Each structure stands twice: as C-alpha cells, then as structure tokens.
Novice: 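My questions all concern the structure below.
It should be emphasised that the depicted structure is a prediction, and the values quoted were computed from it without experimental measurement.
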Amino acid sequence: MNYDAVIKFALEEGFYYPSCEIYSDAQAGFWDYGPRGVSLKNKFVELWRRELVRRDEMIEIDGSQIMSKSVFIASGHIENFNDPIVKCIKCSSIYRADRYIMDHLNILVPERMNDKEIDQLIIKHNIRCDKCKGELGNVSRFNMMFRIGIGPNAEEAYLRPETCQTIFVDFIRIYKIMRKRLPLAIAQIGKSFRNEIAPRQSLLRLREFYQAEIEVFCNPNHLNDIEKFEKVKDTVLRIYANGKMHILKAEETINTLVPNKLIAYYLALLTQFYERCGIDINRTRFRKLEDDEKAFYATTAFDFEVETSVGWLELVACNYRSDYDLSRHEKVSRESMSVMDGNEKIIPHVFELSMGIDRSLYTILEHSLIEDKEHERRVLKIRSYLAPVHVGILPLVNKDGLDVYALKIFEDIKKDFDAIYDFSGSIGRRYRRLDEIGAPFAVTIDNKTLEDNTITVRERDSMKQERIAADKLKDYLLTRIRFE
RNA sequence: GCGGGAUUGAUCUAGUGGUUAUGAUACUGGCUUCCCAAGCCAGCUGCGCGGGUUCGAAUCCCGCAUCCCGCACCA
C-alpha cells in the first residue's frame, strides 16, 4: 500500500488522525493515536520490552518531559540545536543564513561563526534576497526546542528534544543503585518535542513524537569484549556504505564496516527486533553516515532505514556518542560521572539506539496492509501479537440463543485478549471488518455449538476455519497469539 | 517559512450567486440469513475558521488554519 492509502486507512479505522481537528487553529505536526493505534502502539512497546529490554537485561526508566535549562547547556542543544536565519525585509522570505552565504559567495562559513560576523558578510558582499532582490535583515536564531516558563516567574526550561538526556542525567544514580556492570544499557520510551519549521507527512515528521531510546554505557577499551555477541554472530546485517550494499553475517562486518563487536551486537539485535515487527527486512538497510551528515555529538553513526512508498525512511539513529554527553554533564553539573570498571576509573562511552516509534508504526502498517483482490477485501496482515484486536466473537445468526452463547464466550476471554463481540450484519461482512483491523482470528458460534460445545476459528490470512472445543479457546488463542 | 494546488457527512464525491445541498460507500436499528462485502425497510452524520461583497454565498473577494506538490529545513 502507498502512503495515501495508509493515511486514509488510518483515518477510517481510527489508528491516528490530526490532533485538535475540530478547531481551525489546530497546528501542524501533532497527531492523536485513536483506539486501534493505541492498541498497536502498546503491543509494539511490549515487543520492544521483550526483544530488547528484557532480552538484553536493560534497565528501563521513564523521565520527565520538561527539563531544566542547564541540561541543554550541557547537552549542547542551546548552542547547536538552532539555525541562523535571515529574513528579507521586503518579501519576508526566510533563508538559512550560513548556507545562503555559502551558496552566494562560494566560501565555507564555519558553524561557529557568530551572528555579527554573518551580518557583516551580508553587508560587505551586498547579498540580497533571491526572490525580490530586497535587503536582508539581521541574523536571528531559530531554536528547535520548545521553550517554556515554569511557575509564576516563568523560569526558563525546555521540553526535551530527545529522551536520552534523561538517561544521561540519571545515569550515575542508576549505576550506583542497580548493581550492574559495564556495558550497561538504559532504555526509555517517551515523548520528545521539536519545533520543526515545516512538519509534514503525518506520523513521519511530528513536533511531538515518541522515541524509544537505548543508551549503552560502555568501557571504550573493551568494545570487543562482548561475550553475548556469540548469540548474534550469524545474524545477517544489511549495511549500506561507500555507495553500495553489503549483506554479511554480523561477525564478518567487524573491523571493516562496523568498528567493533559492541556496535555489531546491537545492530543485530535491532535487525531481529524489526524482523519480528513484520517489517520486510529485505527492504531495510543500515546506512553508514558520512562525516557531514552526522549529529554534532556522533563519531560513528548508522541510520536504520526502511524502504516505503515515500522513499527510504529513517527509523533508528545509531550513534556512537563517545563520552560527549557524560563529560559535558560532569563539567556543567560538577557531578562526577566516573565509574569503576574493573580496576579502571573511566567516564563511560555511549552507544545509542534512538528509535522513532511513530515512524515504525507507520511502516508496520504500510508493509502489512494488503489489498486482497481475489477475495475483495482489505487485510491488515500484521503479526498476531501486534494486532490491535486479537479476536472477534461472532454468533453466526443473531437468534436461537447463539448470541447468548457468543456473549458468554466474549465475557470469558475479554480480560485476557483484545476481543470484540459483533452481531451486526452478515457473517461475511463481519469477517471483512475484522480483516481490515488485522484481527488474526474470528470465532463463530453456530447451531452445532449448541449441540456439542464446539466453535469454529477462522484464520485471517488463509480464511480457513477449524472447529475446536469452546473450552479450549483460551489455550488456543494463547499459543497462537503469544510472542514468538 | 516561500511558491503552486486543494478543503462539501466517518470516507470518496456532485454542486460556478437563487427552493429543503447530490450520490455512493461506510455506520446504526429492524426483517431475512447456518459461514465469507447478498437483499429489503428505516435512520444518523456535512459546506475548515473569520471577515467582506450581495436582497441572497458551499459558490465571488480578503485573511487565517490545515492537507498535498516543489523549494528550504530535518539536532
């Protein structure tokens, strides 16, 4: 399915839709998850906990979304997370100042150049607006962080632009109390906020969005002492670097494409996780970033990208952040961030997996939504453990006590599964409705049920049915829906 | 943020100044129906927001917002 079809599907079925849509002053870049979307998201998060957090014995925290100014002085966001912009006095066109000058003068403008120097360059070379030849105003700064005021005096603070800052500022306490050793991974799911200039494409570019971030704290001198790497050494990594694809077992990438075992290990875990999300892994790649593409804190970076109808989409940023964050926080807060690793006293380095949840959910939908022309149906062929609804309970006809029997079954399982009871419309119509929201199973109660207490279970993808004892339904669903 | 296009029920859509705004799908209730979008009856939802022109605006004009395309932006 393509992007437009997924958007329409999401609106119709209640996966997600624009926030505040009944008001005309609703702002772009904010979307709500509806009933089906929340159910999908919750299951995605549970899979993430299962396949990453618990599997790798990570620690999960949940931090505040509002953080103090000092955090972002230390993190570099106050200084770096903004762009110098100039505005045309005449026609109000806005340009990114440093790039505009580079394009016009063919010179390199260093990132650290201050606003006055940029102003002088503009005046000296009489740079004018491309569109109307009007004069340009003074440089101003647009910071992508949402600044907010705390309390009656509106003390300066910010909505976090990435969840990981919580992990960095909490690190030393967690390390001291949790009795863990390096490498130690701390994970968090939560909202982040970025004041994008022009958000577009629904869940793909939001001003308020969910991240699942994993920060692996490690000793830079032991990046190849990773015993658990053995468990994933045969996992195939798809790496795009130097202009071509490399499809190799994890162990074959070490020292060539991937600098060490620790990074390769987590790239492998990530690959396995997304495979279990039902994303077509043959349409994914880890793209090794060139120096000019990397974030200001990264030394090695891979983007995990997936092919969609709108092109390659970045789902996860994997950055080796070295000791940038902890050292900066140590300097600004004057709290020591050193820990003992064996006999070494070090400031840990950090390897980060920064997942975009909203984009991941979008991709799962796009890769799972199928137009089944043969059976005239739209089917969400999503993994059963991610399905927003697990099972529909349907009386074949709405009389003869079948409805009563069906309701009893529904009451019996509704606390253990996401189940819906549906008696309205023909049986075929009800199957179609369940197919559309990806319910992997439909249970039908018919006359035979009244005689021998058996029911039929219909499978979404094959449309095949089998008859089982009604009192075995719970076991049946448990084995078929559980995480594999 | 700039330029262009668009905005009519949940979804798609007809409607270029004049009765009560069109149709389809979907949805709801009922009848029928023992297994895959059948049929019949009944029903619920709508002109993005604000201002102007006009006797009269979904329709013309202006502003704002959102969506789409391109540019720019994307730590």
Novice: So, does the side chain of A:Thr456 form a donor-acceptor pair with the base of B:rC35 at under 3.5 Å?
Specialist: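 Looking at the base of B:rC35, it does pair with a donor or acceptor on the side chain of A:Thr456 (distance under 3.5 Å).
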Novice: Would you measure the distance from the P atom in B:rA72 across to the matching atom in B:rC62 and give it in whole Å?
Specialist: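 It comes out at 29 Å once rounded to the nearest Å.
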Novice: Heavy atoms only, 4.0 Å cut-off, all strands: where does A:Asp4 land among base, sugar-phosphate and nothing?
Specialist: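 It contacts nothing in the nucleic acid.
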Novice: Quantified in whole Å, what is the C1' atom distance between nucleotide B:rG18 and nucleotide B:rU13?
Specialist: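 These two C1' atoms come out 23 Å apart once rounded.
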Novice: Considering only side-chain heavy atoms of A:Phe423, which listed nucleotide, B:rC35, B:rG30, B:rC27, is closest?
Specialist: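 The answer is B:rG30, which lies nearest to the side chain.
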Novice: So A:Gln27, base contact, sugar-phosphate only, or nothing? Heavy-atom distance under 4.0 Å.
Specialist: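 Sugar-phosphate contact only - A:Gln27 comes under 4.0 Å of backbone atoms but never of a base.
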Novice: State whether A:Lys464 and A:Glu459 are salt-bridged, where the test is any N-O pair (Lys NZ or Arg NE/NH1/NH2 against Asp/Glu carboxylate O) under 4.0 Å.
Specialist: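 Result for this pair is no, no salt bridge flagged.
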Novice: Among B:rA37, B:rC35, B:rC69, which is the nearest nucleotide to the side chain of A:Arg377?
Specialist: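 Looking only at heavy atoms from C-beta outward on A:Arg377, the closest nucleotide is B:rA37.
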Novice: Give me the distance, rounded to whole Å, that separates B:rG70 from B:rA10 when you measure between the C1' atoms they each carry.
Specialist: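 It works out to 31 Å between them.
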Novice: Is it the case that the base of B:rC35 and the side chain of A:Arg458 share a donor-acceptor contact (distance under 3.5 Å, atom types as modelled)?
Specialist: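 Check fails, no donor-acceptor contact within cut-off.
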Novice: Does this structure show an ion pair linking A:Lys8 with A:Glu12, if we count only N-O contacts that are shorter than 4.0 Å?
Specialist: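 A:Glu12 and A:Lys8: salt-bridged.
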Novice: To the nearest Å, give me how far apart CD1 (A:Ile22) and P (B:rC47) are.
Specialist: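 From A:Ile22 CD1 to B:rC47 P: 13 Å.
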Novice: Roughly how many Å apart are B:rA58 and B:rA42, using the C1' atom of each and rounding to a whole number?
Specialist: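 Looking at atom C1' only, B:rA42 and B:rA58 are 29 Å apart.
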Novice: Taking N and O atoms by type only, does the side chain of A:Arg205 place a donor or acceptor under 3.5 Å from a partner on the base of B:rC73?
Specialist: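 By the distance-only test, yes, there is a pair.
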Novice: Heavy atoms only, 4.0 Å cut-off, all strands: where does A:Lys448 land among base, sugar-phosphate and nothing?
Specialist: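 Nothing: the residue A:Lys448, judged by heavy atoms under 4.0 Å, touches no strand.
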Novice: When the ring centroid of A:Tyr158 is compared with that of A:Phe146, is the distance short of 6.0 Å?
Specialist: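 No, they do not, as the ring centres are separated by 6.0 Å or more.
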Novice: Quote, to the nearest angstrom, the P distance that separates B:rU11 from B:rC71.
Specialist: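 Going atom to atom, P in each nucleotide, I get 29 Å.
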Novice: Side chain of A:Arg200: nearest nucleotide among B:rC68, B:rC73, B:rA26?
Specialist: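 Nearest to the side chain of A:Arg200 among the choices is B:rC68.
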Novice: Counting heavy atoms from C-beta on, name the nucleotide in B:rC67, B:rU11, B:rA37 closest to the side chain of A:Trp31.
Specialist: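 Closest nucleotide among those given: B:rC67.
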Novice: Of all the nucleotides listed (B:rA37, B:rC49, B:rU66), which has the minimum atom distance to the side chain of A:Ser24?
Specialist: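 Per side-chain heavy atoms of A:Ser24, the pick is B:rC49.
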Novice: Could you pull out all residues at least two apart from A:Lys414 that satisfy side-chain hydrogen bond (donor to acceptor under 3.5 Å, both in side chains)?
Specialist: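 Listed in chain order: A:Glu411.
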Novice: Quote, to the nearest angstrom, the C1' distance that separates B:rU22 from B:rG15.
Specialist: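 Looking at atom C1' only, B:rU22 and B:rG15 are 7 Å apart.
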Novice: Quick one: do A:Arg378 and A:Glu13 make a salt bridge, cutoff under 4.0 Å?
Specialist: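 Salt bridge between A:Arg378 and A:Glu13, a charged N being under 4.0 Å from a carboxylate O: yes.
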Novice: With respect to the phosphate group of B:rC27, does any side-chain polar atom (N or O) of A:Arg429 fall under 4.0 Å of OP1 or OP2?
Specialist: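 Yes, within the criterion.
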Novice: Can you tell me how far P of B:rU32 sits from CG of A:Leu402, to the nearest Å?
Specialist: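 After rounding, the reported distance stands at 14 Å.
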Novice: Please work out if A:Glu162 contacts a base, only the sugar-phosphate, or nothing of the nucleic acid, heavy-atom cut-off 4.0 Å.
Specialist: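 Contact class for A:Glu162: base.
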Novice: Under 4.0 angstrom, heavy atoms only, what part of the nucleic acid is A:Ala198 near: base, sugar-phosphate, or nothing?
Specialist: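 Since a base atom lies under 4.0 Å of A:Ala198, the category is base.
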Novice: Under 4.0 Å between a side-chain N/O of A:Ser426 and OP1 or OP2 of B:rC35, yes or no?
Specialist: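 Indeed not, no polar side-chain atom of A:Ser426 lies that close.
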Novice: Let's test this: given Watson-Crick or G-U wobble pairing with both distances under 3.5 Å, identify the partner of B:rC49.
Specialist: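 Partner of B:rC49: B:rG63.
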Novice: Write down the distance separating the C1' atoms in B:rU28 and B:rA21, rounded off to the nearest Å.
Specialist: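 B:rU28 and B:rA21 have their C1' atoms separated by 23 Å.
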Novice: Inspect the contact between A:Glu371 and A:Lys381 and indicate whether a charged nitrogen and a carboxylate oxygen are less than 4.0 angstrom apart.
Specialist: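 Looking at A:Lys381 and A:Glu371, the cut-off is not met.
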Novice: Of the nucleotides B:rC35, B:rG48, B:rC73, which one has an atom closest to the side chain of A:Tyr431?
Specialist: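 Out of B:rC35, B:rG48, B:rC73, the nucleotide with an atom closest to A:Tyr431's side chain is B:rC35.
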Novice: Taking the minimum atom-to-atom distance to the side chain of A:Glu196, which one of B:rC74, B:rC35, B:rU66 wins?
Specialist: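 The answer is B:rC74, which lies nearest to the side chain.
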Novice: Which whole-number value in Å describes the distance from A:Asn398 CG to B:rU32 P?
Specialist: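 The distance from CG of A:Asn398 to P of B:rU32 comes to 11 Å, rounded to the nearest Å.
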Novice: Compare the minimum distances between each of B:rU11, B:rG29, B:rC69 and the side chain of A:Gln201, then state the nucleotide with the smallest one.
Specialist: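 Out of B:rU11, B:rG29, B:rC69, the nucleotide with an atom closest to A:Gln201's side chain is B:rC69.
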Novice: Students often get this wrong, so: under 4.0 angstrom with heavy atoms, is A:Arg378 touching a base, only sugar-phosphate, or nothing?
Specialist: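 A:Arg378: base contact, heavy atoms under 4.0 Å.
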Novice: If I take atom CZ in residue A:Arg433 and atom C1' in nucleotide B:rA10, what distance separates them, rounded to the nearest angstrom?
Specialist: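 About 14 Å, once rounded to whole Å.
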Novice: Identify the nucleotide, in any strand shown, that forms a Watson-Crick or G-U wobble pair with B:rU28, with both distances under 3.5 Å; if there is none, say none.
Specialist: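 B:rU28 is paired, partner B:rA42.
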Novice: Specify the separation, in whole Å, of atom CD of A:Glu459 and atom C1' of B:rC36.
Specialist: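 Between C1' of B:rC36 and CD of A:Glu459: 15 Å.
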Novice: Just checking A:Tyr320 against A:His349, ring centres under 6.0 Å apart?
Specialist: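 Between A:His349 and A:Tyr320, which both carry aromatic rings, the centre distance is below 6.0 Å.
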Novice: So A:Tyr3, base contact, sugar-phosphate only, or nothing? Heavy-atom distance under 4.0 Å.
Specialist: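 The residue A:Tyr3 makes sugar-phosphate contact but no base contact.
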Novice: Measure CD1/A:Ile197 against C1'/B:rC73 and give the value in whole Å, please.
Specialist: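 Atom CD1 in A:Ile197 sits about 5 Å away from atom C1' in B:rC73.
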Novice: Should A:Asp418 and A:Lys43 count as an ion pair when the cut-off is N to O under 4.0 Å?
Specialist: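 Salt bridge: yes.
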Novice: Under 4.0 Å, counting only non-hydrogen atoms across every strand here, what does A:Asp400 touch: a base, just sugar-phosphate, or nothing?
Specialist: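 Answer is base: heavy atoms of A:Asp400 come under 4.0 Å of a base.
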Novice: In whole Å, what is the span from the CZ atom of A:Arg430 to the P atom of B:rA26?
Specialist: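 A:Arg430 atom CZ is separated from B:rA26 atom P by 15 Å.
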Novice: Rounding to an integer number of angstrom, what distance separates B:rG17 and B:rC60 when you compare their P atoms?
Specialist: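 Each nucleotide's P atom is 8 Å from the other's.
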Novice: Identify the nucleotide, in any strand shown, that forms a Watson-Crick or G-U wobble pair with B:rU33, with both distances under 3.5 Å; if there is none, say none.
Specialist: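 When the pairing criteria are applied, nothing turns out to pair with B:rU33, so the answer is none.
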Novice: A:Tyr16 OH to B:rC67 C1': how many Å, rounded?
Specialist: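 Rounding to the nearest Å, OH of A:Tyr16 and C1' of B:rC67 are 14 Å apart.
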Novice: Side chains of A:Pro348 and A:Phe171: does their closest heavy-atom pair fall under 4.5 Å?
Specialist: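 Yes, side chains in contact.
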Novice: Tell me which nucleotide among B:rC12, B:rU33, B:rC67 gets nearest to the side chain of A:Lys399.
Specialist: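 The answer is B:rU33, which lies nearest to the side chain.
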Novice: Looking at the side chain of A:Thr444, which of B:rU11, B:rC67, B:rC35 is the nearest nucleotide?
Specialist: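 Given the options B:rU11, B:rC67, B:rC35, the side chain of A:Thr444 is closest to B:rC35.
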Novice: Starting at the 5' end of RNA chain B, which residue's closest nucleotide do you reach first, A:Arg321 or A:Ala26?
Specialist: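 Going by which nucleotide is closer to the 5' end, it is A:Ala26.
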Novice: Which residue lies toward the 5' end of RNA chain B, A:Ser424 or A:Arg432, if each is placed at its nearest nucleotide?
Specialist: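 The residue mapped nearer the 5' terminus is A:Ser424.
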